[in-house]
Amino acid sequence: MTNDECLLCLRAAALDAADPGWLTRTGHWGVSSHPAMAAPGWIAAQTLRHTEGLGALNDAETAELGPLLARLSAAVTR
């Protein structure tokens with residue numbers, strides 16, 4: 001699958017162009033409202049590059065994911 005065919009890559013491109021688009025971005029991850037759950041507290045985190053799943057994450061993406069999820073969880077709880 002190419003970036004042009006991947007629904008998440010297409011969604012990321014749309015969020016890059018949108019205002020406000022992403023709720024937050026890091027070097028490797030983007031966070032937005034959850035596309036299928038229009039409910040308070042439901043958010044989606046996705047890589048900013050095309051991957052075929054968690055097993056395809058590189059070391060930097062893997063290192064950033066845990067702390068990002070901890071920060072997001074704390075923010076949603078607040």
Side-chain angles (χ1 to χ4, degrees):
M1 179 179 299
T2 66
N3 295 14
D4 294 337
E5 300 168 320
C6 174
L7 293 177
L8 290 176
C9 289
L10 294 171
R11 185 171 179 277
L15 287 169
D16 281 340
D19 182 19
W22 299 106
L23 299 173
T24 191
R25 280 180 69 154
T26 68
H28 303 283
W29 295 90
V31 178
S32 63
S33 58
H34 193 287
M37 298 290 292
W42 284 84
I43 55 176
Q46 71 180 81
T47 57
L48 295 178
R49 71 172 180 97
H50 178 77
T51 60
E52 293 293 329
L54 292 176
L57 297 180
N58 62 36
D59 290 343
E61 290 161 340
T62 301
E64 202 172 77
L65 181 57
L68 173 65
L69 293 178
R71 289 191 311 273
L72 292 173
S73 179
V76 168
T77 300
R78 283 193 303 277

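When reading the values below, keep in mind they use all heavy atoms of this one structure, side chains included, and skip hydrogens, waters and symmetry mates.
With side-chain heavy atoms closer than 4.5 Å counting as contact, directly or through intermediates, the hydrophobic cluster containing L15 also holds W22, L48.
A salt bridge is absent between R11 and D16; no separation between the charged side-chain nitrogens and carboxylate oxygens falls under 4.0 Å.
Legend: salt bridge (Lys or Arg N to Asp or Glu O under 4.0 Å) pairs involving residues 37-46, not counting sequence neighbours: none detected.
For the residue pair A12 and Q46, the shortest heavy atom distance occurs at CB-NE2, 3.5 Å.
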Would you list the atom pairs, donor with acceptor, under 3.5 Å between side chains in residues 57-69 and any protein atom, with sequence neighbours excluded?
| from | atom 1 | to | atom 2 | distance (Å) |
| --- | --- | --- | --- | --- |
| N58 | OD1 | A60 | N | 3.1 |
| N58 | OD1 | E61 | N | 2.8 |
| E61 | OE1 | R49 | NE | 3.4 |
| E61 | OE1 | R49 | NH2 | 2.9 |
| E61 | OE1 | N58 | N | 2.8 |
| E61 | OE2 | R49 | NE | 2.6 |
| T62 | OG1 | N58 | O | 3.0 |
| E64 | OE1 | T26 | OG1 | 2.4 |
| E64 | OE1 | H28 | N | 3.0 |

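There is no path of hydrophobic side-chain contacts, each under 4.5 Å, that joins V31 to L7. W29 and W42 fall into different hydrophobic clusters, where Ile, Leu, Val, Met, Phe, Trp and Tyr are joined by side-chain heavy atoms under 4.5 Å apart, directly or via other members.
To the nearest 0.5 Å, atom CG of residue L23 and atom CG of residue L72 are 9.0 Å apart.
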